[in-house]
Undergrad: 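I have a structure here, written as structure tokens, and I will follow up with some questions on it.
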Amino acid sequence: MAIPSAFIDELVARSDIVDVVSDYVNLSPKGGSYWGLCPFHGEKTASFHVLPDRQLYHCFGCGKGGGVISFVMELENLPYLDALRLLAKRAGMEFPEGDLDESGRRRRARLLQLNKEAARYFHSQLHSPAGREGLEYLRGRGLSKGIMTRFGLGFAPESWDSLTKAMTDKGFAKGDLLDAGLAVSGKKGGVYDRFRNRVMFPIIDLRGDVIGFGGRVLGDGTPKYLNSPDTPVFNKSRNLFALNLAKTTKLGRIVLTEGYMDTISLYQAGFDCAVASLGTALTADHAKLLSRFTKEVVICYDADAAGVQAANRAIPMLEKTGLKVRVLRVSGAKDPDEFIRKYGPDAFARLLDQSENYVEYNLGQLQSKYDLTDPVQKTEFARSAAEMLAGLDSPVEREVYAGQLSELTGVGKNALLQEIQRSRNQRMRSAKRKQARRDMTPVTQVQPKARQMRYENPRSARAEEGILRLLILDGSLLRETEGLEPDQFSSPYLGKIYEVLRRRIREGRALQLGMLEGELDRDEIELLADILRHPEALENGKSAMADYRAILDTEQMKRRADDEAALLAAREKYRQKKSI
């Protein structure tokens, strides 16, 4: 069964949101609330707002908001139950593990055990006659026996069902292998191994559990790299290869590579700070995950066009989390693995120390598009670079890079600073115009951040929001909603929140936002947090509730009238068609 509601209510009551958020964010009191730099996106001016009286947080910059549980889930990248465990440990409360859905817990534990046994099987195959070709490949890449063992590298034989047979012999069902992504269903109902004739790389999470695999094909098969699909224990967009090792590095930075072999080669060379994304481009979740363990990331992608594009996509995501971002240009080799094998670890260490910050990298990328021996192109480059530097918030950074740009182009530093300031002024005017347009369109102001939750009837939805605010502030006002049902709300999301509040009030339970986070999904919590940050006077709560209900009833009557008119028009059109 589920976690007892009484436990969740007590846990949230003991976990004051200001205290919890203060563990992660430097908050300053201001006007009865607290402000700080948002931990979810990079910013220089505090727009992250914590309201202790309503036990919620909201960022005016990125729009994220919620209660204490959603804050921990978002920042620590944890599922709901793990966030509850973390808060329970913090509050000194014993987590009711025995009350969890036993089947769900057993299922997760079984899949993790299956992955562990599969990793052992693959590793044993690597050192068997069936894995001879895989072992020769890894040795050819310069990997030692020790590093192969440390990373648990293995081999999947070129067989349709070798793993399936080995795991069923250990008592696992074919359904277990399908759920773990280790097997695939055939068209005729059979089951066969997903990984065949591949060097295997176990993917291990921060807790040390094997959660998935990556497989590199031998020969000309496709795809070259095959990864586990998303499963109940694995999400490739929220995990990074070797982060379980890199999180303890003493080198003060994490090196982000494109693939498994680059990461493993760096470890063998003494760089215990390398990680790789898992068959997917870097995501915002990856960036947030990295920001938990380091202040600086060095992007070390391949030197080809695809590597440059990947770096350009990764830079803004990493920068938004507040990370210091540098980019390493691998010269004389196609990737870090090849560079280390050709020139050695010391040469790579020097290259790492010479890595560019993201501004220098972007300027270098921009410069490569122009011929600076041509006065016209040099002028265009100077203007484009000035526009790029206009995006820097620090006047000191703008000054420094304007000086470098001046030396490069021969254009006076003062002229470049004027061009940078002109571009900044233009950006600010554009932002003000956009904001003015938004302010002149009140309908857009009431729309939820999540596009799928957009209001079809903003006037009715505004009144529905008011009803929710009043109920949370004073549950006794539920009496004034007699006869009002969730399906009368124009927004089904607001109707769902209303149903949750109504039930909790009738059960005599508290209505803190954090206590609702197990009953509403992430988007609904953010919507409710945004609704609650708006003021609502309780002095005339009954009359305010009556006004909101009147608006809701009026808009509902309009909808019915419109529906009836549409129905009559359709009926008349049908009648005319039949008469013809």
Side-chain angles (χ1 to χ4, degrees), residues 8-9 11-13 15-25 27 30-41 43 46-78 80 83-84 87 288 444-455 458 461-475 489 491-502 504-505 509-536 538:
I8 297 175
D9 290 353
L11 176 63
V12 173
S15 304
D16 180 76
I17 194 166
V18 175
D19 292 340
V20 173
V21 173
S22 294
D23 290 344
Y24 304 87
V25 181
L27 296 175
K30 181 181 177 182
S33 58
Y34 293 81
W35 294 82
L37 297 178
C38 180
F40 304 119
H41 79 287
E43 61 177 11
S47 61
F48 183 78
H49 191 203
V50 181
L51 289 81
D53 56 335
R54 301 192 184 185
Q55 287 294 295
L56 66 86
Y57 70 91
H58 177 80
C59 177
F60 291 92
C62 65
K64 290 190 180 296
V68 66
I69 298 174
S70 64
F71 178 82
V72 172
M73 289 174 64
E74 185 79 24
L75 196 61
E76 293 283 359
N77 194 29
L78 293 174
Y80 179 71
L84 293 182
L87 287 171
K288 283 188 289 186
T444 63
Q445 299 302 299
V446 304
Q447 292 290 6
K449 176 173 169 257
R451 185 169 296 277
Q452 71 273 16
M453 305 176 82
R454 307 288 282 182
Y455 297 148
R462 200 66 176 265
E464 293 158 19
E465 289 182 353
I467 291 173
L468 300 181
R469 263 195 307 272
L470 287 171
L471 289 179
I472 287 183
L473 292 173
D474 184 358
F489 281 59
S491 165
Y493 302 99
L494 298 178
K496 176 184 175 182
I497 297 172
Y498 169 70
E499 173 58 26
V500 170
L501 297 181
R502 183 172 68 171
R504 291 182 68 95
I505 292 170
R509 297 169 62 193
L511 298 178
Q512 275 190 20
L513 185 61
M515 298 174 183
L516 307 176
E517 290 176 313
E519 301 179 67
L520 301 173
D521 67 27
R522 190 74 195 88
D523 287 337
E524 290 161 350
I525 285 292
E526 282 198 358
L527 173 61
L528 186 55
D530 187 53
I531 291 170
L532 293 178
R533 71 181 178 84
H534 295 286
E536 187 74 54
L538 275 177

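Because the structure is predicted, anything quoted here is derived from the model rather than measured.
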Undergrad: If you take all heavy atoms of Leu511 and Leu471, which pair is closest and at what distance?
TA: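 Taking every non-hydrogen atom into account, CD1-O, 3.4 Å.
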Undergrad: If you apply the rule side-chain hydrogen bond (donor to acceptor under 3.5 Å, both in side chains), what do you find for Tyr455 with Glu465, and how did you get there?
TA: CA-CA 11 Å; Tyr455 297 148; Glu465 289 182 353; 2.8 Å; yes
Undergrad: Quick check: closest heavy atoms across Leu27 and Ser22, and the distance to 0.1 Å?
TA: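 Smallest interatomic distance, heavy atoms only, reads CD1-OG, 3.6 Å.
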Undergrad: What's the shortest heavy-atom distance between Ala83 and Met73, and which atoms?
TA: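 Reported closest heavy-atom pair: CB-CG, 3.4 Å.
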Undergrad: Might you point out which heavy atoms bring Ile17 and Gln55 nearest each other, and give the distance in Å?
TA: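 Shortest heavy-atom contact: N-OE1, 2.9 Å.
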Undergrad: Is there a donor-acceptor contact under 3.5 Å from the side chain of Glu524 to the main chain of Asp521?
TA: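 Yes.
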Undergrad: Check Ser70 against Gly65 and note the closest heavy-atom contact, atom names and distance.
TA: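 The answer is OG-O, 4.3 Å.
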Undergrad: Apply side-chain contact (heavy atoms from CB on, under 4.5 Å) to the pair Leu470 and Asp474, showing each step before the final yes or no.
TA: CA-CA 6 Å; Leu470 287 171; Asp474 184 358; over 6 Å; no
Undergrad: Please check: side-chain N/O of Glu464 versus main-chain N/O of Leu494, any donor-acceptor pairing under 3.5 Å?
TA: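 Checked: no pair found.
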Undergrad: Identify whether the distance between the nearest side-chain nitrogen and carboxylate oxygen of Lys496 and Glu499 falls below 4.0 Å.
TA: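 No, no charged N to carboxylate O under 4.0 Å.
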Undergrad: Can you name the nearest heavy-atom pair linking Gly67 to Tyr57, along with the distance?
TA: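 Reported closest heavy-atom pair: O-CE2, 3.3 Å.
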Undergrad: Applying side chain to side chain donor-acceptor pair (under 3.5 Å), can you list everything that pairs with Ser47, at least two apart in sequence or on another chain?
TA: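 Testing Ser47 for side chain to side chain donor-acceptor pair (under 3.5 Å), a comparison that skips the adjacent residues, returns Glu43.
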